Amino acid sequence: MEIAFTAVFGLVIGSFLNVVGLRIPIGESITSPARSYCPSCKHTLGSLDLIPVLSYAFSLGKCRYCGKRISPLYPMIELLTGGVYGWIVYQHGWTFAGLLYGIVFSVLIVVCVSDWTYQLIPDAVMLPALVLVYIGFGLLQGHWLMHLIDLSSGAILITVIILASRGGMGEGDIRLNALIGLLLGWKLMLVSFVLACTQGSLLGGYLMLRKRATRKTAIPFGPYLAVAALITFFWADPLLFWYNRFLLGI
Ligand SMILES: [Zn+2]
């Protein structure tokens with residue numbers, strides 16, 4: 001019952017996260033206009049259009065007013081948020097820990113939307129999130145120094161890669177991976193990073209095969225980091241096993 005309620009609540013929050021991810025990077029207010037509008041005809045959406053996922057399904061993925069195709073990213077983000085919220089409550093219940101994880105994953109989802117759409121990870125979201133989540137984990141587990149090490153290791157890893165490769169990843173990825181380090185701890189953060197690179201090269205290779213990308217095409221890395229962190233968080237044990245066995249040979 002609690003899980004189902006939270007999952008439905010997550011669908012609604014998911015559509016809010018879409019709005020945050022789409023508006024913050026271009027400096028628009030997230031409260032005014034209060035209602036979402038169609039990105040192509042700017043028509044303000046009615047109450048019917050605001051029902052998560054279902055409105056997309058009923059309108060067959062098209063705007064009711066101008067008929068333009070609506071990106072499937074939006075309902076996917078809503079479903080993802082609903083699923084993640086439900087899963088967190090399944091594992092942690094309605095606890096302070098569950099609330100903290102809910103906040104971290106909401107931030108990761110906003111990052112997916114804005115990095116995918118604008119190749120930008122907004123500091124206005126990341127910096128407050130880092131401070132808030134650091135204090136939250138500190139209060140929850142009391143290992144202030146350890147959390148600081150986890151956070152820094154995430155940031156240092158990306159910084160080193162940027163310095164070594166001169167490009168590819170941006171400053172936003174540094175803060176994003178710091179948050180992931182905080183969430184997972186430095187060991188699992190490394191696992192998550194390997195997973196993100198694997199996903200990135202698989203999809204990059206696929207796009208190149210389909211001739212939709214070249215070696216030079218900039219592919220935002222934030223969504224890979226975020227999705228990999230999500231997978232690592234929920235499947236930590238089997239992933240650690242795989243990591244030790246095949247990558248480290250233990
Ligand atoms: Zn429209």
Side-chain angles (χ1 to χ4, degrees), residues 4-87 102-126 128-129 170 172-173 176 199-200 203-204 206-208 210-214 216-227 230:
F5 176 80
T6 316
V8 172
F9 176 68
L11 292 178
V12 179
I13 294 293
S15 82
F16 174 68
L17 297 180
N18 272 322
V19 170
V20 174
L22 289 173
R23 289 191 190 175
I24 292 256
I26 50 172
E28 279 184 30
S29 159
I30 52 169
T31 48
S32 77
R35 303 206 122 169
S36 300
Y37 52 84
C38 164
S40 39
C41 69
K42 310 278 178 210
H43 196 294
T44 307
L45 301 184
S47 330
L48 269 181
D49 309 304
L50 296 176
I51 304 167
V53 186
L54 286 182
S55 61
Y56 184 85
F58 284 137
S59 61
L60 303 171
K62 286 182 186 141
C63 170
R64 277 206 295 152
Y65 307 100
C66 68
K68 275 267 168 61
R69 212 176 135 266
I70 299 170
S71 168
L73 178 72
Y74 309 134
M76 275 163 59
I77 289 292
E78 291 164 353
L79 282 174
L80 179 69
T81 314
V84 166
Y85 277 31
W87 204 328
I103 293 173
V104 175
F105 283 114
S106 302
V107 171
L108 292 183
I109 288 168
V110 166
V111 165
C112 285
V113 175
S114 58
D115 203 19
W116 190 261
T117 313
Y118 307 108
Q119 279 85 55
L120 256 179
I121 297 175
D123 278 348
V125 174
M126 284 311 298
D173 296 313
L176 171 61
Q199 286 172 3
L203 195 81
Y206 170 78
L207 290 177
M208 269 197 256
R210 301 268 318 262
K211 301 243 177 357
R212 289 176 56 181
T214 65
K216 294 249 169 77
T217 310
I219 297 173
F221 200 59
Y224 297 111
L225 287 173
V227 170
L230 188 92

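Counting starts at 1 for both ligands and their atoms, in listed order. Any value given below was found using the heavy atoms of this structure, including those in side chains, with hydrogens, waters and symmetry copies removed. It should be emphasised that the depicted structure is a prediction, and the values quoted were computed from it without experimental measurement.
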Contact between [X] and [Y] at the side-chain level, heavy atoms closer than 4.5 Å - yes or no?
X: L22; Y: T117; value: yes
X: L230; Y: L108; value: no
X: L225; Y: V111; value: no

For F16 and T81, what are the C-alpha separation, side-chain angles and deciding distance, and is it a side-chain contact (heavy atoms from CB on, under 4.5 Å)? CA-CA 10 Å; F16 174 68; T81 314; over 6 Å; no
What's within reach of the Zn ion (ligand 1), meaning protein N/O/S atoms under 2.8 Å?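 Correct list: C38 SG, C41 SG, C63 SG, C66 SG.
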With sequence neighbours excluded, what pairs up with S59 under the side chain to side chain contact (heavy atoms under 4.5 Å, CB included) test? R64
Let me confirm one number: the CE-CD1 distance from M76 to I109, rounded to the nearest 0.5 Å.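 Output value for this atom pair is 11.5 Å.
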